[in-house]
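Below is one structure, written out as structure tokens; the observations come after it.
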Amino acid sequence: MSKTLPTPLRVRFAPSPTGYLHVGGARTALHNWLLARRYGGVFLLRIEDTDRARSTDESTRAIFEGLEWLGLTWDEEVTYQGANLARHQADAQRLLEAGAVYRCFCTPAELEHRRAEAEARGDAFRYDRRCDRLAPDEIQRRVASGDPFVLRFRVPDGSTEWDDLVHGQITFPNKDIEDFVILRSDGTPIYNMAVVSDDIDARVTVVMRGDDHISNTPKQILLYTALGAPLPVFAHLPMIHGTDGKKLSKRHGAMAVGDYRHQGILPSAMDNFLALLGWSPGGDIEVMTMQEMIERFSPDGLLKKASVFDLKKLEWMNGQHLNMLPLEQIEPLITPAIVDAGLATRDWLAANHAWYMKLLELLRVRSRTVSDIVRQAAPYFGDAVDLDPDAVAKQWKDPVTPELLGEARDALAAASDWSEGPLEEALRGVAERRGLGAGKLFQPLRVALTGSSVSPGIFDVLLLLGRERSLARIDTALQVLAR
RNA sequence: GGCGGUAUCGUCUAGGGGACUAGGACACAGCCCUCUCAAGGCUGGAACACGGGUUCGAAUCCCGUUACCGCUACCA
């Protein structure tokens, strides 16, 4: 049974720019985006920069970059909460005039004191509404004399409930909700006020966010109602935890999507992996392109349970995408890393396009990340190779190695043509004459050619390197062995 | 403490009263393939938190307990 979505469908992602775009935020953004794309809705981006002390332009940029990298494009101009101060204040003022809120002159110090007292008694502190009982002339007097005050919402009796898109019915008895502040004594709005005002203004019809906001929701519903605005549908997505079951934080390793980008994760793999944290298309489907995710996304598949971020599975997923996507699509994501590693210039790669594509084709099968590819690509660029000491120790330890390599060199040099058929014939011939299994010859040769005991098939390596470099590397190996 | 939320292999999950001897994937182990490494194929170990109901029948519905998570600011 699928729940009905409102029309028009307008969703938003509203991060506060106090850091980078972390995986939890990215997942929330992705689910919002997927919902909008699947059902023809509008995806909005609002930067909640009201906490001026912690907000930075740099993290705003990081959020844009992160979203763009993930392919989560927004449909209307970005809005900034900080720019809406006047409206927030006007809405708060409206609430005061309508009698839904009252002035509270209690100072933070007083409140803190009473809170400490209640705690000492083992009681839960709840604002006692004493300022709501002030006589009108007393209020007038204190306002006139310039006493600072905040605006508090007068929570009515009864209960507040809603039908959450992911959790179903959730009910809060109003007696458990304290008369919360909506406007500080300096005239700036508290989060719940700003959010509601902005969501009403942006005509947001589905508020999908982390379930750490569940306890804010009744307060926000109260505000919508007092403001006479229609309620959006609420959807509370489960949290993402670290491997210890706790909320994700620095000690769990990388949290920022940018970190994964730099570790060589493909955006589509990141999206795929993140989408599956808290959502399932049902059945055994796992690896999907963005398009497939859009087609299959549904609020019915949204899960309630917090999930644990498993890096191993992300890497596996990345390997799947690395091999599934058309080479033309992933090449632009790999080339910058190749260039940054100093292996080749963009121009050189462009001039040797066919060779480069062949290399990538060979390496991507045995890689899980872009970084893996770069690491493995090194031996194919330039003339010299770095010999891996362990590989040398293991593969060249047999005293006949020099003889063997020399023979292989001569056979290769004598090949009628530098192509797979003749090369294979040459090498297999050597192995046969010496009564050796192919591996006994190929492994020492692999080390001579690539410096490593791990590489693509030996004939592919020979082709990639070309005749000249292949023979030269064997010669170098023979010199090393002669010492 | 109060309030709210959640509970299937180590992890991501399928399942929504009988198809469950609980399926898939990651990870792990073994085997196959094989010039190495990957990829791929096959096999294995591994879960319905606990207790009560309801029902002919419960992983599935209800209640309780426990555990975990979140919120509990003139933070967002």
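Every value quoted in this text rests on a predicted model; they were computed, and no experiment measured them.
In this structure, the side chain of Arg46(A) does not engage the main chain of Arg12(A) through any donor-acceptor pair within 3.5 Å.
Taking only distance into account, the side chain of Ser455(A) never meets the base of rC37(B) through a donor-acceptor pair shorter than 3.5 Å. Between the side chain of Lys304(A) and the base of rA7(B), no donor-acceptor pair under 3.5 Å is found. Below the 3.5 angstrom threshold, one finds a donor paired with an acceptor across the side chain of Asn216(A) and the base of rA76(B).
When each of Asp310(A) and Ile214(A) is assigned the nucleotide of RNA chain B with its nearest heavy atom, Ile214(A) is the one assigned upstream, toward the 5' end.
Centroid-to-centroid, the aromatic rings of Phe297(A) and His31(A) come within less than 6.0 Å. Ring centroid separation for the pair His213(A) and Tyr191(A) comes in under the 6.0 Å cut-off.
Thr50(A) comes within contact range of the sugar-phosphate backbone alone, with a heavy-atom separation under 4.0 Å but no base atom that close. Phe172(A) comes within contact range of the sugar-phosphate backbone alone, with a heavy-atom separation under 4.0 Å but no base atom that close. Among the protein residues, Ser307(A) comes within range of the sugar-phosphate backbone only, with heavy atoms under 4.0 Å from sugar or phosphate atoms but none that close to a base. Among the atoms of the strands shown, only primed sugar atoms or phosphate atoms (P, OP1, OP2) are found under 4.0 Å from some heavy atom of Val308(A).
Put simply, CZ on Arg209(A) is 14 Å from P on rA76(B), counting in whole angstrom units. Whole-Å rounding puts the Lys219(A) NZ to rC74(B) C1' distance at 13 Å. The nearest whole Å value for the distance from the CZ atom in Arg114(A) to the C1' atom in rA73(B) is 15 Å.
Salt bridge annotation for Asp157(A)-Lys175(A): absent, with no cationic side-chain nitrogen under 4.0 angstrom from a carboxylate oxygen.
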